[in-house]
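Taking it in order: structure first as structure tokens, then the write-up.
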Amino acid sequence: MPEGHALHRLARRQQRLLGGQRLNVSSPQGRFAHEAALLNGMVFRRAEAWGKHLIHRYDNGGASERGRGTAVTRRIVHIHLGIYGAFREESLPMPEPTGQVRMRLIGDEIGIDLRGPNACEIYTPEDLERLVGRLGPDPLRGDADPEVAWQAIKKSKRAIGSLLMDQKVLAGVGNIYRAEVLFRAGVEPHRTGVTITREEFDEMWSDLLHLMPIGVRRGHIHVVRPEDDNGAPAYAVDRPRTYVYRRAGEPCRLCSTPVLTEVMEGRNLFWCPSCQS
DNA sequence: GCTAAATGTTGAT
DNA sequence: TCAACCTTTAGCT
């Protein structure tokens, strides 16, 4: 599930479920065992997301109250779910792990298992600085500066469909938001960055500011306007959520032209050749 | 019940 | 350009 909205949603939820608690940390699978041993018994302080990256912050809790001489130990965990990675919450007592559980966190009232992540590792503050330094603005973070993305796009000869997926240009946008934002802005995905007007960029940026928080709230990407539902009743559970993503060959929801598909940046891109030019 | 593909990134070749 | 990650789901049968 992980485009940026999913990671921000996870960060909020984990902060709420585990924040301030002393955790039991383990790695039933073993691949994170050494690191888990270092974290075990520490206090989970914060969870936050930068683009598709999730950061957990721990400290050893209460050391500062004991006066000088007691060093506060802090640790940072960096998690990237990749395509397969997923968290699962379990009520206590935790069931025996099924499958490959890379990291198991047990708090006061709930446990969380992490499976199949692309990355799960301990970070130094410098590692985190380096990560954040190479990410473009994240529309879900209040401090995001769209100028950084615009400067990268306006002088690039790469396709806008590639640029939107590039985490150095925009952090948190993935294959679904790429296709849908281009559709909603009427921009043909093969156009190079230099051909994108400031107005088009502004439209896509503000659309991301609008759409991604909806993704965070709902837990999935939903970008189809009610008036484009083709009469689907408001109570329908399976209302269409995307205009073009994964709709190759199907009629465009606006003009009925068959949706096209092609691999761009190693991922399947979808667009309407009539609505996007 | 089985197979293929999937919202992503890194590091080796 | 490709393997790794190794779960989940959609779409068949």
Side-chain angles (χ1 to χ4, degrees), chain A residues 1-11 27-33 35 49-55 77-90 95-104 112-123 127-128 130-136 138-140 161-184 189 207-208 211-224 237-238 240-250 259 261-271:
Chain A
M1 297 143 230
E3 288 194 33
H5 69 291
L7 277 299
H8 281 266
R9 183 181 170 91
L10 273 172
S27 177
Q29 173 204 49
R31 286 191 53 185
F32 191 63
E35 296 87 338
W50 271 275
K52 300 166 188 167
H53 300 260
L54 180 65
I55 297 295
V77 177
H78 168 244
I79 295 157
H80 194 292
L81 295 177
I83 270 186
Y84 308 116
F87 285 96
R88 187 185 294 172
E89 296 166 10
E90 306 278 5
E96 281 301 299
T98 52
Q100 302 285 309
V101 175
R102 182 79 62 90
M103 179 174 73
R104 169 168 277 194
I112 297 180
D113 278 345
L114 170 63
R115 294 157 212 273
N118 184 301
C120 176
E121 57 199 339
I122 290 192
Y123 254 20
D127 290 331
L128 180 57
R130 212 171 305 132
L131 168 70
V132 173
R134 71 176 157 81
L135 291 176
D138 176 350
L140 285 171
S162 296
L163 290 164
L164 289 185
M165 293 277 282
D166 187 338
Q167 301 298 297
K168 293 191 289 295
V169 177
L170 281 169
V173 174
N175 200 26
I176 302 179
Y177 283 124
R178 148 172 93 167
E180 298 298 318
V181 164
L182 286 170
F183 177 87
R184 288 168 53 106
D207 209 21
L208 287 169
L211 295 174
M212 294 184 77
I214 293 175
V216 175
R217 283 199 297 277
R218 298 196 186 184
H220 57 246
I221 297 173
H222 188 142
V223 307
V224 176
V237 194
D238 55 348
R241 295 175 182 174
T242 60
Y243 285 99
V244 288
Y245 176 71
R246 289 247 241 168
R247 296 193 65 242
E250 292 176 52
V259 171
T261 186
E262 154 193 320
V263 174
M264 184 186 281
E265 288 297 302
R267 318 297 303 282
N268 292 322
L269 169 68
F270 305 86
W271 78 101

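Just so you know, these numbers come straight off a predicted model, no measurement behind them. Because only heavy atoms are used, hydrogens play no part in the values below, and waters and symmetry mates are left out as well, while side chains stay in. So that the names make sense, note that chain A is the first sequence line, chain B the second, and so on, each numbered from 1.
- Atom-to-atom, CZ of A/Arg115 to C1' of B/dA6 comes out at 18 Å; the value is rounded to the nearest Å.
- Taking the six-membered ring where the residue is Trp, A/Tyr245 and A/Phe270 present perpendicular rings, their angle passing 60° and hence far from 30°.
- Going from the P atom of B/dA4 to that of C/dA3 covers 16 Å, rounded to whole Å.
- Within 4.0 Å of A/Gly174, counting heavy atoms only, lie sugar-phosphate atoms of the nucleic acid but no base atom.
- For A/Asp166, the side chain to side chain donor-acceptor pair (under 3.5 Å) test picks out A/Arg158, with sequence neighbours left out.
- When the C1' atom of C/dG11 is taken as reference, atom CZ of A/Arg247 falls 17 Å away, rounded to whole Å.
- With sequence neighbours excluded, no residue satisfies side chain to side chain donor-acceptor pair (under 3.5 Å) with A/Arg88.
- Distances shorter than 4.0 Å separate some side-chain N or O of A/Asn268 from OP1 or OP2 on B/dA6.
- Proximity of A/Arg267 to the phosphate of B/dA6: no side-chain N or O atom is located under 4.0 Å from OP1 or OP2.
- For the contact set between residues 161-170 of chain A and DNA chain B, defined by any heavy atom under 4.0 Å, the members are A/Gln167.
- When the P atom of B/dA5 is taken as reference, atom CZ of A/Phe270 falls 12 Å away, rounded to whole Å.
- With A/Asn175 as the partner, the side chain to side chain contact (heavy atoms under 4.5 Å, CB included) test is satisfied by one option alone out of A/Met264, A/Arg267, A/Arg246: A/Arg267.
- Residue A/Lys52 places at least one side-chain N or O closer than 4.0 Å to OP1 or OP2 of B/dT9.
- A/Glu89 pairs by the salt bridge (Lys or Arg N to Asp or Glu O under 4.0 Å) definition with A/Arg13, not counting sequence neighbours.
- A/Arg88 comes within 4.0 angstrom of sugar-phosphate atoms only, judged by non-hydrogen atoms across all strands, and of no base.
- Atom pair A/Leu208:CG and B/dT7:P shows a separation of 17 Å (rounding to whole Å applied).
- Note on ring orientation: taking the six-membered ring where Trp is involved, the planes of A/Tyr177 and A/His5 are perpendicular (angle over 60°, cut-offs 30° and 60°).
- Remark: A/Arg31 is in phosphate contact with C/dC6, judged by side-chain N or O atoms under 4.0 Å from OP1 or OP2.
- Rounded to whole angstrom, the span from the NE2 atom of A/His80 across to the P atom of B/dT7 amounts to 13 Å.
- Rounded to whole Å, atom C1' of B/dG8 lies 5 Å from atom CD1 of A/Ile83.
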Quick test: give all pairs of protein nitrogen or oxygen and nucleotides 10-12 of chain B nitrogen or oxygen below 3.5 Å, distance rounded to 0.1 Å.
residue: B/dT10; atom: OP1; partner: A/Arg134; partner atom: NH1; Å: 3.1
residue: B/dT10; atom: OP1; partner: A/Arg134; partner atom: NH2; Å: 2.8

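- Contact check, A/Arg102 against C/dT7: no side-chain N or O comes under 4.0 Å of OP1 or OP2.
- Applying the side chain to side chain contact (heavy atoms under 4.5 Å, CB included) rule to A/Arg218 yields the partners A/Ile214, A/His220, A/His222; only residues at least two apart in sequence or on another chain are considered.
- Residue-level contact check: A/Tyr177 touches neither bases nor backbone, having no heavy atom under 4.0 Å from any strand.
- An OP1 or OP2 oxygen of B/dA6 is reached within less than 4.0 angstrom by no side-chain nitrogen or oxygen of A/Arg246.
- When distances are taken from the side chain of A/Ile221 to each of B/dT7, C/dT7, B/dT9, the shortest belongs to B/dT7.
- Rounded to a whole Å, the OH atom of A/Tyr84 is 11 Å from the P atom of B/dA5.
- The gap from the P atom of B/dA5 to that of C/dC2 amounts to 15 Å, rounded to the nearest Å.
- Applying the side chain to side chain donor-acceptor pair (under 3.5 Å) criterion to A/Asn268, with sequence neighbours excluded, gives no partner residue.
- Residues satisfying the side chain to side chain donor-acceptor pair (under 3.5 Å) test with A/Arg130, not counting sequence neighbours, are A/Asp127.
- Atom CG in A/Asn175 sits roughly 10 Å away from atom P in B/dT9 (whole-Å rounding).
- Checked against salt bridge (Lys or Arg N to Asp or Glu O under 4.0 Å), A/Arg178 has no partners two or more places apart in sequence or in another chain.
- In this structure, the side chains of A/Leu7 and A/Leu140 stay at 4.5 Å or more apart for every pair of heavy atoms.
- C/dT8 and B/dT10 have their C1' atoms separated by 22 Å, given to the nearest Å.
- Counting non-hydrogen atoms under 4.0 angstrom, A/Gln29 reaches the backbone sugars and phosphates but no base.
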